[in-house]
Amino acid sequence: MGRAGAEALTAQKISPGDHDVLIVVDIQNDFCPGGRLSVPHGHEVIPLINRLAERFSHVVLTQDWHPPGHLSFASSHPGKKPYDVIEVDYGPQILWPDHCVQDTRGAEFHKDLRVPHAALVLRKGVHRRIDSYSTFYENDRRTPTGLVGYLRDRGFKRVFLAGLAFDFCVRYSTEDARREGFLVVVVEDACRGIDIEGSMDAARESLGRIGATRTITEAVS
């Protein structure tokens with residue numbers, strides 16, 4: 001973490017209440033060491049998230065859940081390789097290694113994740129022709145996952161986010177949550193990022209610009 005990024009974190013105590021929900025983003029085998037799209041040190045967030053979740057009455061878990069041959073897979077585009085960028089109907093699309101394919105071990109939650117009281121498991125990226133970073137909308141920023149309606153029906157006002165990867169799924173979830181009028185707190189030490197061409201710094205700049213709070217696990221109590 002750069003100096004500017006560290007200085008933007010707040011250690012002020014934040015107490016979750018009845019109108020707060022923790023969204024645990026994509027703690028899946030393929031995003032952890034040995035997985036097909038491993039986030040560096042991704043497994044390190046799991047004990048932090050387990051402890052964090054104990055402080056919340058309301059928790060949502062999300063899963064990338066791609067069909068075989070998904071648009072975002074480099075293998076779906078002859079001559080392309082992972083991390084190439086192509087243009088699709090909704091704009092630029094980074095191509096990834098095949099990952100989190102439905103009903104595979106890689107798509108399963110990591111075995112050490114322990115959040116038994118999670119009330120909802122939300123699966124995203126299920127449409128073959130649209131990728132999904134955000135837990136709220138697919139990458140066309142129009143196709144909903146259904147999470148907005150769930151949160152509103154349950155009366156939640158503030159969203160806490162933790163998980164993988166900070167600079168993609170957590171960032172885009174934060175942006176969409178703010179766009180939908182939710183207060184957002186990102187628990188940054190319970191996230192890890194991929195960092196492609198400055199994407200970590202770009203994520204922190206975005207979070208600051210939209211008014212999201214960045215904090216650490218021990219401040220949430």
Side-chain angles (χ1 to χ4, degrees), residues 23-32 35-40 42 60-110 120-151 159 161-180 184 186 191-203 205-207 210:
I23 300 176
V24 177
V25 181
D26 298 358
I27 305 300
Q28 295 167 261
N29 290 324
D30 268 346
F31 294 132
C32 292
R36 304 191 71 177
L37 184 49
S38 177
V39 177
V60 171
L61 305 179
T62 74
Q63 278 179 299
D64 248 14
W65 197 252
H66 297 310
H70 192 260
L71 174 78
S72 71
F73 296 165
S75 64
S76 298
H77 305 272
K80 298 297 184 181
K81 60 185 183 301
Y83 309 108
D84 283 349
V85 179
I86 64 171
E87 285 291 325
V88 296
D89 291 344
Y90 50 82
Q93 171 67 54
I94 298 175
L95 297 179
W96 306 104
D98 291 27
H99 65 280
C100 298
V101 175
Q102 296 169 2
D103 202 29
T104 65
R105 182 182 179 280
E108 294 173 2
F109 290 121
H110 191 283
L120 175 69
V121 174
L122 183 134
R123 290 172 167 170
K124 59 190 181 66
V126 299
H127 302 288
R128 190 181 303 275
R129 303 299 300 173
I130 314 175
D131 202 5
S132 182
Y133 299 152
S134 172
T135 58
F136 291 86
Y137 287 93
E138 308 287 350
N139 280 9
D140 61 359
R141 311 310 284 265
R142 296 189 303 272
T143 303
T145 65
L147 184 56
V148 171
Y150 173 82
L151 297 182
V159 169
L161 286 157
L164 306 171
F166 173 79
D167 43 342
F168 286 92
C169 296
V170 173
R171 172 190 172 173
Y172 283 86
S173 296
T174 301
E175 292 174 352
D176 284 343
R178 290 294 294 135
R179 183 159 60 100
E180 290 294 338
V184 184
V186 177
C191 302
R192 293 293 184 274
I194 300 173
D195 204 11
I196 298 174
E197 298 183 354
S199 56
M200 290 289 285
D201 286 342
E205 290 172 6
S206 172
L207 268 55
I210 64 177

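In this chain, numbering begins with 1 at the start of the sequence shown. All values below were derived from every heavy atom in this structure, side-chain atoms included, with hydrogens, water molecules and symmetry-related copies excluded.
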A.B. asks: How close do H110 and C32 get, counting heavy atoms only, and between which atoms?
C.D. replies: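 Scanning both residues, the minimum pair turns out to be CD2-SG, 3.8 Å.
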A.B. asks: Which heavy atom in C169 sits nearest to a heavy atom in L164, and how many Å separate them?
C.D. replies: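 What the structure gives for the nearest pair is CB-O, 3.7 Å.
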A.B. asks: When rounded to the nearest 0.5 angstrom, what is the spacing between CZ in F136 and CZ in R178?
C.D. replies: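 Result: 11.5 Å between the selected atoms.
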A.B. asks: Any sub-3.5 Å donor-acceptor pair from D167's side-chain atoms to D195's backbone N or O?
C.D. replies: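 Checked: pair present.
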A.B. asks: Tell me every residue that passes side-chain hydrogen bond (donor to acceptor under 3.5 Å, both in side chains) with Y83, counting only those two or more places apart in sequence or in another chain.
C.D. replies: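 Checked Y83 against side-chain hydrogen bond (donor to acceptor under 3.5 Å, both in side chains); zero matches.
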A.B. asks: Using distance alone, with no hydrogens and no angle criterion, decide if D131 and Q93 have a side-chain donor and acceptor under 3.5 Å apart.
C.D. replies: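 Yes, a side-chain donor-acceptor pair sits under 3.5 Å.
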A.B. asks: Drop me the distance from E180's CD to Y137's OH, to the nearest 0.5 angstrom.
C.D. replies: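 Separation between the atoms: 3.5 Å.
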A.B. asks: How close do D64 and S132 get, heavy atom to heavy atom, and via which atoms?
C.D. replies: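 Of all heavy-atom pairs spanning D64 and S132, the closest is OD1-O, 3.7 Å.
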A.B. asks: Applying side chain to side chain contact (heavy atoms under 4.5 Å, CB included), can you list everything that pairs with A74, at least two apart in sequence or on another chain?
C.D. replies: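 With sequence neighbours excluded, A74 shows a side chain to side chain contact (heavy atoms under 4.5 Å, CB included) to P82, L95, given in chain and number order.
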A.B. asks: Might you point out which heavy atoms bring G69 and R128 nearest each other, and give the distance in Å?
C.D. replies: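 Reported closest heavy-atom pair: O-CG, 3.9 Å.
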A.B. asks: Supply the atom-to-atom distance F166 CZ to T174 OG1, rounded to the nearest 0.5 angstrom.
C.D. replies: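 Between F166 CZ and T174 OG1, I get 7.5 Å after rounding to 0.5 Å.
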A.B. asks: Compare every heavy atom of G125 with every heavy atom of H66, then report the nearest pair and how far apart it is.
C.D. replies: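 What the structure gives for the nearest pair is ND1-O, 2.9 Å.
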A.B. asks: Contact between I23 and S173 at the side-chain level, heavy atoms closer than 4.5 Å - yes or no?
C.D. replies: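 Contact flag for I23/S173 side chains = no.
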A.B. asks: Sub-3.5 Å donor-acceptor pair from the side chain of Q63 to the main-chain atoms of A107, do we have one?
C.D. replies: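 Here the side-chain-to-backbone pair exists.
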A.B. asks: Suppose we screen for side-chain hydrogen bond (donor to acceptor under 3.5 Å, both in side chains). Which residues come up paired with Q102, at least two apart in sequence or across chains?
C.D. replies: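 Q102 satisfies side-chain hydrogen bond (donor to acceptor under 3.5 Å, both in side chains) with no residue once adjacent residues are dropped.
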A.B. asks: How close do G193 and V39 get, counting heavy atoms only, and between which atoms?
C.D. replies: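 It is O-CG1, 3.5 Å.
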A.B. asks: Can H77 and L71 be said to form a side-chain contact (heavy atoms from CB on, under 4.5 Å), step by step?
C.D. replies: CA-CA 8 Å; H77 305 272; L71 174 78; 3.9 Å; yes
A.B. asks: Under 4.5 Å between any side-chain heavy atoms of I194 and W96, yes or no?
C.D. replies: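 SC-SC contact between I194 and W96 confirmed.
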A.B. asks: So, using side chain to side chain contact (heavy atoms under 4.5 Å, CB included) as the criterion, who are the partners of S38 when residues are at least two apart?
C.D. replies: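 Only P33 meet the side chain to side chain contact (heavy atoms under 4.5 Å, CB included) criterion with S38.
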A.B. asks: Using only atom types and a distance under 3.5 Å, with no angle test, would you say the side chain of D84 pairs donor to acceptor with the backbone of K81?
C.D. replies: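 Answer holds: yes.
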A.B. asks: Please identify each residue that fulfils side-chain hydrogen bond (donor to acceptor under 3.5 Å, both in side chains) with H70, with sequence neighbours left out.
C.D. replies: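 H70: side-chain hydrogen bond (donor to acceptor under 3.5 Å, both in side chains) contacts with S72.
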A.B. asks: Using the test salt bridge (charged side-chain N to carboxylate O under 4.0 Å, His left out), find all partners of R129 that sit at least two apart in sequence or belong to another chain.
C.D. replies: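 For R129, no residue satisfies salt bridge (charged side-chain N to carboxylate O under 4.0 Å, His left out) once neighbours in sequence are set aside.
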A.B. asks: Can you pull the salt bridge (charged side-chain N to carboxylate O under 4.0 Å, His left out) pairs that have at least one residue in residues 95-108, sequence neighbours excluded?
C.D. replies: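 Found none.
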A.B. asks: Quick one: list whatever passes side chain to side chain contact (heavy atoms under 4.5 Å, CB included) with P92, sequence neighbours left out.
C.D. replies: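 Only V85, E87 meet the side chain to side chain contact (heavy atoms under 4.5 Å, CB included) criterion with P92.
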A.B. asks: To the nearest 0.5 Å, how far apart are CZ in R192 and CE in M200?
C.D. replies: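 Spacing of CZ (R192) from CE (M200) equals 8.5 Å.
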A.B. asks: List the residues meeting salt bridge (charged side-chain N to carboxylate O under 4.0 Å, His left out) with D140, not counting sequence neighbours, and say none if there are none.
C.D. replies: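 Salt bridge (charged side-chain N to carboxylate O under 4.0 Å, His left out) check on D140 returns nothing, list empty.
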A.B. asks: Using the benzene-type ring in the case of Trp, are the ring centres of F31 and H99 under 6.0 Å apart?
C.D. replies: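 Ring-ring flag for F31/H99: true, centres closer than 6.0 Å.
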A.B. asks: Sequence neighbours excluded, which residues qualify as side-chain hydrogen bond (donor to acceptor under 3.5 Å, both in side chains) partners of D26?
C.D. replies: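 So D26 forms a side-chain hydrogen bond (donor to acceptor under 3.5 Å, both in side chains) with T62, K124.
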A.B. asks: Who are the salt bridge (charged side-chain N to carboxylate O under 4.0 Å, His left out) partners of E138, not counting sequence neighbours?
C.D. replies: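 Salt bridge (charged side-chain N to carboxylate O under 4.0 Å, His left out) list for E138, sorted by chain: empty.
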A.B. asks: How long is the span from the OH atom in Y172 to the CG atom in L161, to the nearest 0.5 Å?
C.D. replies: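 Answer rounded to 0.5 Å: 15.0 Å.
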A.B. asks: Could you tell me the separation between the OG1 atom of T145 and the OH atom of Y150, rounded to the nearest 0.5 Å?
C.D. replies: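 So the OG1 of T145 and the OH of Y150 are separated by 12.5 Å.
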A.B. asks: Using the salt bridge (charged side-chain N to carboxylate O under 4.0 Å, His left out) criterion, which residues pair with D176? Sequence neighbours excluded.
C.D. replies: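 Partners of D176 by the salt bridge (charged side-chain N to carboxylate O under 4.0 Å, His left out) criterion, ordered by chain and then number, come out as R141, R179.
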